[in-house]
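Below is one structure, written out as structure tokens; comments come after it.
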Amino acid sequence: MCYPRAPTPPCQEVDISKKRWGTGLFSPTQMWRALRQITLNKTRHIRSVTGKASQKVRRVRRWVFNFTFSKIAIPILILGFLLILSPYKDIQVGVAAGFIFFFFVFGINSREDQDEGKSYLNTPLTSKLSLEADDSDVLFPHPSLLIRLYSLLPLSKTSQLWGILTTKELPRPFNVLSVWLYATVTGCKRDEAEFSDLSSYKTISQFFTRKLAPGLRPISSESDLVSPCDGTVTYSGEVDGPYLQQVKGVQYSCRVFLGGLDNVNEDPRKYYSKTQESSEMVEEDDLSSKQIQTPTCSPLSSLLLSTSPTRLYQTVIYLSPSDYHRFHSPAAWTVIKRRHFPGKLYSVAPAVVKRIPGLFHTNERVAFLGRWAHGFFAMVAVGATNVGSIKVHFDQELSTNLKNTDESVTEKIYNDPINFNKGDEFGYFNFGSTIVLIYEAPVDTMIDNEQMRRAEMGQRMWI
């Protein structure tokens, strides 16, 4: 049977190319539009940057023109002002000096620091002896203008000149007069000197480094630690973190002050650690293997050597020009090595120390490192303005504040470690300076932490 077929629908033309390529994400049209948009965006960005750069160029041109004009106009105005004051010579001189000082200060204040982000107090270190410290230890506030001006003074040259003048022997009676004048101006206690007759001292330096009358400073037996010198205790307390205290609230870096701490306690030899009661042989390998941390896990715990719970303490004593300037052993201990750090010679008076964080690790100093009954012990003699030299009786090779010397740190390990009893004479300064004690002691040690108190050599430091 035949059935009629349904009518065939008319043929429809399909634009395959338009359906496939005319629309869609990756069609040529969309790609062209995207490229065009990117080009427009880049063009707008370039125009924006070019416009900003043009504005900056115009500002710089105006600034250069104004600066050039000022260099010509200001001197003319100053000269005209001075000519107006021509009848008054004294006013002219004062105004001219004021302008010169202003431009000098302006030039110093606008000078860029060469080492941005680092301390303005340069500390000479050497990698040869592994004494370098982390730069993060020496980040301190930017110096004020007054401190910048102070740092420009030729303090090292002044100190060398002072050392020459004070050791110069004058003919009589000028030598006696100079010693008397110095003692009177500084307020020295002449009745405590070994020789009450000032004519016994031929130079100011001899009087300055004088000995005391015998028996005048008894050594306390009530404390393991006594004051090594006469002076003012500017800080005494526990060491907290990687920093020490110059005065309360003003810090400096222990790692820079003592040099690299990794090898401070390195000494494979045996040494004698003497106390007043007994003398026993101690070996460093045994100490280092039993080393423990303090309860506060101080970053400086690598210095600790004791087998019982201990921590680090610090004492700072300032010697004024009127004080007795020989320093003694503060405890029964053994000196194993010394490190000499050349540096600046800023004043270490408390008024200056409060204004310059990091001053102690910038000044020239000599660190004597060793052991005592409670572990690590260090005594550091810090140089200062007009300190001609730092002398110790057992090391004639030590020379400080010299001309044309190498600025690197030097270290000397004593082949025969030197034993000191409490109160033994250690050395002397040729002018006012500072002694810093850094030592290990039991955690329950009661120290006298009163600040800015007077201390005499041999006086007990523990309560």
Side-chain angles (χ1 to χ4, degrees), residues 108 115 118-126 131 138 140 143-144 146-168 182 186 204-205 208-209 229 231-232 234 244 246-247 250-253 256-259 316-323 325-327 338-368 379-392 395 398-410 427-436:
I108 294 174
D115 299 323
K118 294 185 178 181
S119 172
Y120 62 94
L121 300 173
N122 296 325
T123 305
L125 298 173
T126 177
L131 303 181
V138 290
F140 290 102
S144 64
L146 183 61
I147 299 302
R148 283 171 171 263
L149 292 173
Y150 175 65
S151 65
L152 294 177
L153 297 176
L155 301 176
S156 296
K157 299 296 182 183
T158 303
S159 300
Q160 292 170 0
L161 179 60
W162 173 258
I164 294 174
L165 294 177
T166 55
T167 55
K168 184 74 172 177
Y182 173 82
T186 58
I204 295 178
S205 179
F208 186 80
T209 59
C229 57
T232 302
T234 60
L244 305 174
Q246 294 177 169
V247 294
V250 181
Q251 297 179 329
Y252 64 107
S253 168
V256 179
F257 186 62
L258 295 179
V316 181
I317 305 176
Y318 164 68
L319 292 77
S320 69
S322 62
D323 287 321
H325 269 71
R326 291 178 180 263
F327 53 95
R338 63 108 165 135
R339 289 176 175 176
H340 175 212
F341 300 81
K344 304 293 185 181
L345 288 176
Y346 297 115
S347 171
V348 292
V352 178
V353 169
K354 291 178 181 178
R355 293 177 175 270
I356 308 181
L359 184 148
F360 280 1
H361 69 227
T362 302
N363 272 17
E364 183 173 19
R365 60 200 179 277
V366 182
F368 299 94
M379 182 166 68
V380 186
V382 182
T385 305
N386 291 339
V387 174
S389 60
I390 302 171
K391 296 292 185 181
V392 292
D395 190 349
L398 177 63
S399 298
T400 60
N401 192 22
L402 299 178
K403 299 179 181 179
N404 303 322
T405 56
D406 188 6
E407 291 296 320
S408 61
V409 180
T410 58
Y428 59 88
F429 295 104
N430 272 335
F431 208 68
S433 194
T434 292
I435 290 288
V436 178

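Residue indices begin at 1 and follow the sequence shown. Everything numeric here is computed off the predicted structure, so don't read it as measured data.
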In terms of heavy-atom contacts, F341 and A367 come closest through CE1-CB, 4.3 Å

OG (S399) and NE2 (H340) are apart, to the nearest 0.5 Å, by 8.5 Å

Is NZ or CZ of R338 both nearer than 6.0 Å to the six-membered ring centre of F368 and within 45° of the ring axis?
no

Q. Is there a side-chain contact between V348 and Y318, using heavy atoms and a 4.5 Å cut-off?
A. yes

> Would a distance-only check, ignoring hydrogens and angles, find a side-chain to backbone donor-acceptor pair under 3.5 Å from H361 to S253?
Replying inline: yes

Distance col, row T434:OG1 vs N363:CG, nearest 0.5 angstrom, shows 8.5 Å

- Message: Pair R339, V366 - check side-chain contact (heavy atoms from CB on, under 4.5 Å), show working.
- Response: CA-CA 6 Å; R339 289 176 175 176; V366 182; over 6 Å; no

Heavy-atom closest pair (A381 atom, F429 atom, distance to 0.1 Å) is CB-CZ, 3.6 Å

Minimal heavy-atom distance between L345 and T385, with the atoms involved, is O-OG1, 2.6 Å

Distance col, row R365:CZ vs L258:CG, nearest 0.5 angstrom, shows 8.0 Å

| Flag side-chain contact, heavy atom, 4.5 Å: V353 against Y346 | no

One should read off an interatomic distance between L319 CG and F327 CZ, to the nearest 0.5 angstrom, of 9.0 Å

Residues T400 and I390: closest non-hydrogen pair is OG1-N, 2.9 Å

In terms of heavy-atom contacts, S347 and L359 come closest through O-CD1, 3.5 Å

Quick one: are N430 and T209 in side-chain contact, heavy atoms under 4.5 Å?
yes

T186 and P321 have their tightest heavy-atom pair at CG2-CB, 4.2 Å

Is any side-chain heavy atom of Y182 closer than 4.5 Å to a side-chain heavy atom of T166? no

_Are the side chains of I356 and V352 in contact, using a 4.5 Å heavy-atom criterion?_
yes

Rounded to the nearest 0.5 Å, the OG1 atom of T234 sits from the CD atom of Q246 at a distance of 8.5 Å

Quick check, are the ring centers of H325 and Y428 under 6.0 angstrom apart? no

To the nearest 0.5 Å, atom CD of E364 lies from atom OG of S389 at 9.5 Å

Open item on the list: Whether the side chain of D395 engages the backbone of V392 through a donor-acceptor N/O pair (distance < 3.5 Å, no angle test) should be reported.
Closed with: no

